2 protein chains.
Amino acid sequence: MARVRSGQLAEAGGVHVETLRYYERRGLLESPPRRGSGYREYPAEAVQRLRLIKQAQALGFTLDEIAELLALNPHAAVACGDMEDRVRSKMAELDEKLDALAELRGSLERVLCECCDGRQAQEACPALSPQHDPAPARRR
Amino acid sequence: MARVRSGQLAEAGGVHVETLRYYERRGLLESPPRRGSGYREYPAEAVQRLRLIKQAQALGFTLDEIAELLALNPHAAVACGDMEDRVRSKMAELDEKLDALAELRGSLERVLCECCDGRQAQEACPALSPQHDPAPARRR
DNA sequence: GTTCACCCCGTACCCGGGTACGGAGTCAAG
DNA sequence: CTTGACTCCGTACCCGGGTACGGGGTGAAC
């Protein structure tokens with residue numbers, strides 16, 4: 001499977017063919033070479049790249065961010081320094097998201113403990129009463 | 001501040017007036033009583049409710065989910081059991097996101113170590129070559 | 001009694017991230 | 001050499017979550 005057609009790539013990536021075209025327009029996938037007929041012929045690496053995109057996306061990166069990351073280096077030389085900076089700042093963002101998420105998780109947990117422990121399942125749930133102010137997210 | 005107008009509520013909740021109307025249409029805020037003029041007069045609790053909405057949203061609930069949660073109980077009894085189930089499943093979702101994020105963070109970190117340590121900043125960065133497959137997400 | 005901020009409503013628009021549609025060309029198998 | 005699956009392209013549409021616009025009413029202060 002050295003060269004793949006749209007349909008195959010799409011399937012490998014768990015994505016619709018139109019989505020590939022869409023990613024191409026958005027600059028996430030570079031335009032592959034075409035056969036005489038106009039059919040796209042993707043190199044095998046496109047599969048990796050597509051997976052990378054989906055992975056990044058699942059983690060909350062926007063398509064623009066992903067494009068930017070990938071655009072750093074389509075193939076060849078990107079200075080390590082550049083890469084390092086971007087990766088570090090992305091990591092910092094991730095750290096923030098992690099914190100925020102962990103915090104929210106914690107506050108949900110508190111809601112459960114404070115509210116539902118030892119109560120009858122049918123009783124009114126105090127967590128939803130208008131006065132209840134569970135755990136205001138830390139200002140950011 | 002027993003009864004508040006749209007503008008005041010909006011400000012208190014850090015939200016635009018139109019957003020209030022939008023939430024009302026979506027069933028997130030119940031239609032408040034009106035003065036003779038047609039002006040909305042929100043009860044003071046609306047502020048809490050609005051904050052609750054924004055908080056839930058920040059936690060990754062969609063507006064529909066929030067509406068559903070709130071619809072359970074406009075004011076009084078929501079069975080604790082109901083609430084508990086929903087909160088638990090939301091927590092599980094958050095846990096998954098946390099894992100994935102942590103994993104990505106780790107793989108970025110590895111990229112930095114493997115790739116950039118002891119290299120000249122201007123050198124081509126191997127982390128971005130197509131063959132490089134940083135850390136395939138654990139199957140889920 | 002006019003000014004000026006505030007509110008009403010409906011409708012239309014924006015962004016992100018795709019999905020669907022339809023007419024036409026391609027290609028491998030039978 | 002026809003069939004059926006696949007591909008091309010452009011354009012239009014969908015959803016979620018709002019935001020903007022414009023014409024008109026309200027109301028407190030001066």
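From a predicted model like this one, the values you see are computed outputs, not experimental measurements. So that the names make sense, note that chain A is the first sequence line, chain B the second, and so on, each numbered from 1.
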Of all heavy-atom pairs linking A/A67 and A/G27, the shortest is CB-O, 4.2 Å
Distance test, side-chain N/O of A/R40 to OP1/OP2 of D/dC8, below 4.0 Å: yes
Residues that A/V15 engages under side chain to side chain contact (heavy atoms under 4.5 Å, CB included), provided they are two or more places apart: A/A10, A/T19, A/L20, A/L50, A/K54
Specify the residue among B/S37 and A/H16 whose closest nucleotide of DNA chain C lies further upstream toward the 5′ end. B/S37
B/R34 vs C/dC9: side-chain N/O to OP1/OP2 distance below 4.0 Å: yes
Enumerate the salt bridge (charged side-chain N to carboxylate O under 4.0 Å, His left out) contacts for residues 16-29 of chain B, please, sequence neighbours excluded, ordered by first and then second residue. B/E24-B/R40, B/R26-B/D64
Please enumerate all protein N or O atoms sitting under 3.5 Å from an N or O of nucleotides 28-30 of chain D, with distances to 0.1 Å.
none

With a 4.5 Å heavy-atom cut-off, do B/L9 and B/V17 have their side chains touching? no
Enter the distance from A/R3:CZ to A/E41:CD here, rounded to the nearest 0.5 Å. 5.5 Å
Nearest 0.5 Å, what's the OH-OG distance between A/Y42 and A/S6? 4.5 Å
How long is the line joining CD of B/E41 and P of C/dC7, in whole Å? 11 Å
Minimum-distance nucleotide (side-chain atoms of A/Y39 versus C/dC9, D/dG18, C/dG25): C/dG25
Just the rounded figure in Å: distance from P of C/dC7 to CD of B/E24. 14 Å
Return the value, rounded to whole Å, for the distance between atom CZ of A/R3 and atom P of D/dT7. 16 Å
Interatomic distance, B/E11 CD vs C/dA5 P [rounded to whole Å]: 16 Å
Could you walk me through whether A/L29 and A/I53 pass the side-chain contact (heavy atoms from CB on, under 4.5 Å) check? CA-CA 9 Å; A/L29 289 175; A/I53 291 169; 3.9 Å; yes
Phosphate OP1/OP2 of D/dT7 contacted by A/R5 side-chain N/O (<4.0 Å): yes
Considering all heavy atoms of both residues, which atom of B/P43 and which atom of B/V4 are nearest to each other, and what is their separation? O-CG2, 4.4 Å
Need the bend value for the helix from C/dG1-D/dC30 to C/dG30-D/dC1: angle between end axes, 5 pairs each end, nearest 10°. 10°
Separation of D/dC8 atom C1' from A/R21 atom CZ, nearest Å, is 7 Å
Let's go through A/L63 and A/Q57 carefully: what are the C-alpha distance in whole Å and the side-chain angles of both, what is the deciding distance for side-chain contact (heavy atoms from CB on, under 4.5 Å) to 0.1 Å, and is it a yes or a no? CA-CA 7 Å; A/L63 295 187; A/Q57 198 180 20; 3.6 Å; yes
Close side-chain approach of A/Y22 and A/L28, heavy atoms under 4.5 Å: no
Quick one: does A/R25 reach the base of C/dG18 with a side-chain donor-acceptor pair under 3.5 Å? no
Output yes when at least one side-chain N/O atom of A/T19 is less than 4.0 Å from OP1 or OP2 of C/dT19, else no. yes
Just by distance, do the side chain of B/Q8 and the backbone of B/R5 share a donor-acceptor pair under 3.5 Å? yes
Grab the N/O contacts between the protein and nucleotides 13-17 of chain D below 3.5 Å, and write none if there aren't any.
from   : atom 1 : to    : atom 2 : distance (Å)
D/dG17 : OP2    : B/L63 : N      : 3.3

Check this one for me: any side-chain N or O of A/S6 less than 4.0 Å away from OP1 or OP2 of D/dC8? yes
